[in-house]
A.B. asks: 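Okay, here's the structure, questions in a sec.
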Amino acid sequence: VISKGGAETLSVVFFAAFVAASLGITFWAAKVAKGASGFFAAGRTLKGWQNGLAIAGDYMSAAAFLGIAGIVALSGFDGLMYSIGFVVAWVLVVLVVAEPLRNVGKYTITDVMAYRLRSRGVRAAAAISSVTIVLFYLLAQMVGIGAVTTLLLPLDPNVAIALVGALMITYVVVGGMVATTYVQMVKAVLLMASAIVMTVLLLAQFDFNISSLLSSAAEASGKGDAFLEPGLLFTNDLDIISLGLGLALGTAGLPHIMMRFYTVPHAAVARSSVNWVIGINGTFLLMTTLLGFGAAALVGASAIQAANPGGNSAAPMLAAELGGGSGSVGGDLLLAFVAAVAFATILAVVAGLTIAAAANISHDVYVHFLRGGDVDPRREVRIAKIATVVVGVVAIAISLAAKNLNVAFLVGLAFAIAASANLPVLVYALFWRRFNSAGAVGAIAVGLVTAVGLVLVSPQVIGPEGIMLKGTEPLIKLTNPGLISIPAGFLGGWLVTLLTSREPGSEERFDEFETRAFSGLGAEQAERVTT
Amino acid sequence: MAVEREAEIPDVPAFGVRELKRRKLRISIPLLVLALGSYFLALLGFAYWPDVMGQKLIGAFNVAYLVAVAVFVITFAVAAIHARYANREIDPLAAEIRKHLEADAGVTER
């Protein structure tokens, strides 16, 4: 733990306050979230800025806050690769995916993928890829809790993992999407507030001259100008391209993010939510990169790595420094606040992931795949709650077993699967009349298997830097599969469609689908608010 | 209350839907090419032209940093242009089409 004494107590107090507030919201939400559309989509009544904040809260993980600041602090410019990828990704979401999704679907990303292709096979395949994405993402967050806890809170890592797991199950089972939304909104506000305070304090130390901040960082790093140029972290050039592709194209296929577009009344509000996300998230990412350079300049790489080899300690240690130094009242206060916010961040993200997995399992697998769509909404919600508990318990168990492994690569893998398996089906379904069910299953199978397969034989999993078979050499050098798996998924869907017979139903429904997707005709309506 | 998902939609091959799609694509495709294109050029630059990227511009700012900030600015600009265009050219037409088709199908506006 980098915080000692006063800061330690304070961070526990802040964190406990967040937990208490979030539980209060959850039990209030239980009364508000009525019926299936209340549970899965918060009644579709959110305003654009509310959903924008919640999406930002869903998307800005601890990896984005602690991780990017840490990578910048240790490797300089290369950390910005993540920042720009995480912001440009929203262009694809707002221009292509968000509005048709809201217009055509009901609760999950699969609704849009399967609309024209009314085959159960497509539902099943799409649900498998979405649940895989969400589980990998969830495990990356929960396994990471161990490392963050040891750093920030006086808690046993096992206890922290179990506590986070129990809280996320409670939020979702009791308060559904309403509770999840408010937890994400509160978290986004807290995270932005701490980033803004830290950035202002940081820049004040450099007379608001970013150039002098950058030169101090370069000097303190001992690497000189190279610290401000690409190339310190990514030594394989193709890795930059591959990771960049995955980040920019994967966001539009992330089930937990896309699901949030069902919480607004209509497509125009879905659009304005993305614009809010671009503003909030973009500002946040610009600030975290500055904080990373600040940590390099004021804390120094050796102190950061002494606390955490991966650099996750950079932002909290910088907070202590900016508040007036470790041990001072201001330093303790800011460190404690940032530590508590980092935890709140994890909670909001895992809750969003869990409700997405529950929706995929209940709405796609149970209702549509097993029951052909004919299920009482109350039963649909009940199955989702059972799925929440199962997913939560499984995630806790795996995270406890794997807590000493470095599984941060699972986030990159989740993005790559989203871009390789989900995105091709979304794009073909929207724009290609000839597209058929076999093509959809083909795209998902090829994209999913290629992405997972390539990571299994990459340096992240096997070989000296991986998590198993340390004595062997990885089969490929690429650490992120996107460069190969994304084209493979698109090609797979295209080839399989052309090699199999035409599907008259899918082609006939294309006009109707287009009409609905572009005009919003027959879109799911918001619940009338009765208060 | 829940809305019937399978409300009958009359076979109107295209009262304006074609025009709506045309307007959507007319704005989306150029903006998508601009944003993703400049992003991938930036990635190629970071990976393969380190000398250019390391050129100092003003103070400690080099070309790489300028390119990174440019990607942010382009993203913000694309979102703003798209929002403005969609509010003026797309949403009103979509609403009109919806009204027509709902009237034809006997679906009342909620």
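In what follows, every heavy atom counts, from backbone to side chain, and hydrogens, waters and symmetry copies are set aside. Values in this document were obtained by computation on a predicted structure and should not be read as measured data. Just so we're on the same page: letters track the sequence lines, and every chain starts at 1.
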A.B. asks: For a quick test of reading the model, state the closest non-hydrogen atom pair linking B:A47 to A:I240 and the distance between them.
C.D. replies: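 Distance-wise, the nearest heavy atoms are CA-CD1, 3.9 Å.
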A.B. asks: Where on B:L44 is there a heavy atom nearer than 4.5 Å to chain A: the side chain, the backbone, both, or neither?
C.D. replies: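 Both backbone and side chain.
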A.B. asks: Taking the side chain as every heavy atom from C-beta outward, state whether B:I74 and A:V91 have any atom pair closer than 4.5 Å.
C.D. replies: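 B:I74 vs A:V91: side chains apart.
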A.B. asks: So, the side chain of B:Y39 versus the backbone of A:I84: is there a donor-acceptor pair under 3.5 Å, distance only?
C.D. replies: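 Checking the backbone N and O of A:I84 against the side chain of B:Y39, no donor-acceptor pair under 3.5 Å is found.
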A.B. asks: Quick one: what part of A:L80 sits under 4.5 Å from any heavy atom of chain B, side chain, backbone, both or neither?
C.D. replies: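 A:L80 touches chain B through side-chain heavy atoms alone.
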A.B. asks: Where on A:S37 is there a heavy atom nearer than 4.5 Å to chain B: the side chain, the backbone, both, or neither?
C.D. replies: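 Looking at A:S37, nothing touches chain B.
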A.B. asks: Within a strict 4.5 Å, meaning less than it, do heavy atoms of the A:N275 and B:H82 side chains meet?
C.D. replies: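 No, too far: nothing below the 4.5 Å cut-off.
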A.B. asks: Enter the distance from A:S519:OG to B:K99:NZ here, rounded to the nearest 0.5 Å.
C.D. replies: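 Atom-to-atom, A:S519:OG and B:K99:NZ are 14.0 Å apart.
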A.B. asks: Could you check whether any side-chain heavy atom of A:L214 comes within less than 4.5 Å of a side-chain heavy atom of B:Y65, counting everything from C-beta outward?
C.D. replies: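 A:L214 reaches B:Y65 side chain to side chain.
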A.B. asks: Under a 4.5 Å heavy-atom cutoff, which of B:N87, B:I58, B:V69, B:L93 has the most pairs with chain A?
C.D. replies: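 The residue among B:N87, B:I58, B:V69, B:L93 with the greatest pair count is B:N87.
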A.B. asks: Can you find a heavy atom in the side chain of B:Y48 that is under 4.5 Å from one in the side chain of A:D237?
C.D. replies: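 Counting from C-beta outward, B:Y48 and A:D237 do come under 4.5 Å.
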A.B. asks: With chain A as the partner, which of B:K56, B:M53, B:K21 has the greatest number of non-hydrogen pairs under 4.5 Å?
C.D. replies: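 Sorted descending by pairs with chain A, the first entry is B:K21.
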A.B. asks: Answer with side chain, backbone, both or neither: which region of A:F86 has an atom nearer than 4.5 Å to a non-hydrogen atom of chain B?
C.D. replies: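 Neither part; nothing is under 4.5 Å.
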A.B. asks: Quick check: do B:V78 and A:L95 have side-chain heavy atoms less than 4.5 Å from each other?
C.D. replies: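 Yes; the side chains approach each other to less than 4.5 Å.
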A.B. asks: Would the number of heavy atoms belonging to other residues, nucleotides or ligands and lying under 6.0 Å from CG of A:D376 be above 12?
C.D. replies: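 Above 12, so yes.
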A.B. asks: Of all of B:A86, B:A94, B:A35, B:A60, which one pairs up most often with chain A through heavy atoms under 4.5 Å apart?
C.D. replies: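 Of the candidates given, the most pairs with chain A belong to B:A60.
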A.B. asks: Between A:L245, A:L249, A:V96, which shows the greatest number of heavy-atom pairs under 4.5 Å with chain B?
C.D. replies: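 Greatest number of close heavy-atom pairs with chain B: A:L245.
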A.B. asks: Step through the shown structure and confirm whether more than 12 heavy atoms of other residues, nucleotides or ligands are within 6.0 Å of CD on A:E219.
C.D. replies: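 No, because the 6.0 Å sphere around CD of A:E219 holds 12 heavy atoms or fewer from other groups.
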A.B. asks: Which one of A:V274, A:L286, A:T289 has the most heavy-atom pairs closer than 4.5 Å to chain B?
C.D. replies: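 When all of A:V274, A:L286, A:T289 are compared, A:L286 has the most.
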A.B. asks: Calculate, to the nearest 0.5 Å, the distance between atoms CD and CG belonging to B:Q55 and A:D225 respectively.
C.D. replies: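 Output value for this atom pair is 11.0 Å.
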A.B. asks: Under a 4.5 Å heavy-atom cut-off, does chain B meet the side chain of A:F431, its backbone, both or neither?
C.D. replies: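 Side chain only.
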A.B. asks: Heavy-atom distance under 4.5 Å between the side chains of B:T75 and A:I278, does that happen here?
C.D. replies: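 Answer yes - side chains close enough.
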A.B. asks: Less than 4.5 Å to any heavy atom of chain B: does that hold for the side chain of A:S212, its backbone, both, or neither?
C.D. replies: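 A:S212 has no heavy atom closer than 4.5 Å to chain B.
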A.B. asks: May I ask you to check whether over 12 heavy atoms, not counting those of A:R378, lie within 6.0 Å of atom CZ?
C.D. replies: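 12 or below, so no.
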A.B. asks: What option among B:S28, B:P50, B:G59 has the most heavy-atom pairs under 4.5 Å with chain A?
C.D. replies: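 Most pairs with chain A among the choices: B:S28.
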A.B. asks: Roughly how far apart are A:E99 CD and B:D91 CG, rounded to 0.5 Å?
C.D. replies: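 CG of B:D91 is found 7.0 Å from CD of A:E99.
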A.B. asks: Does any backbone or side-chain atom of B:L32 lie under 4.5 Å from a heavy atom of chain A? Answer side chain, backbone, both or neither.
C.D. replies: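 Both parts, backbone and side chain.
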A.B. asks: Looking at every heavy atom in both A:L521 and B:E102, which two are closest together, and how far apart are they?
C.D. replies: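 Result for this residue pair: CD1-CG, 3.5 Å.
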A.B. asks: Evaluate the side-chain proximity of A:F518 to B:I90: yes if any heavy-atom separation is below 4.5 Å, no if none is.
C.D. replies: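 Of all side-chain heavy-atom pairs linking A:F518 with B:I90, none is under 4.5 Å.
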A.B. asks: May I ask you to name which of A:S272, A:G85, A:A36, A:G35 has the most heavy-atom pairs under 4.5 Å with chain B?
C.D. replies: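 Of A:S272, A:G85, A:A36, A:G35, A:G85 has the most heavy-atom pairs under 4.5 Å with chain B.
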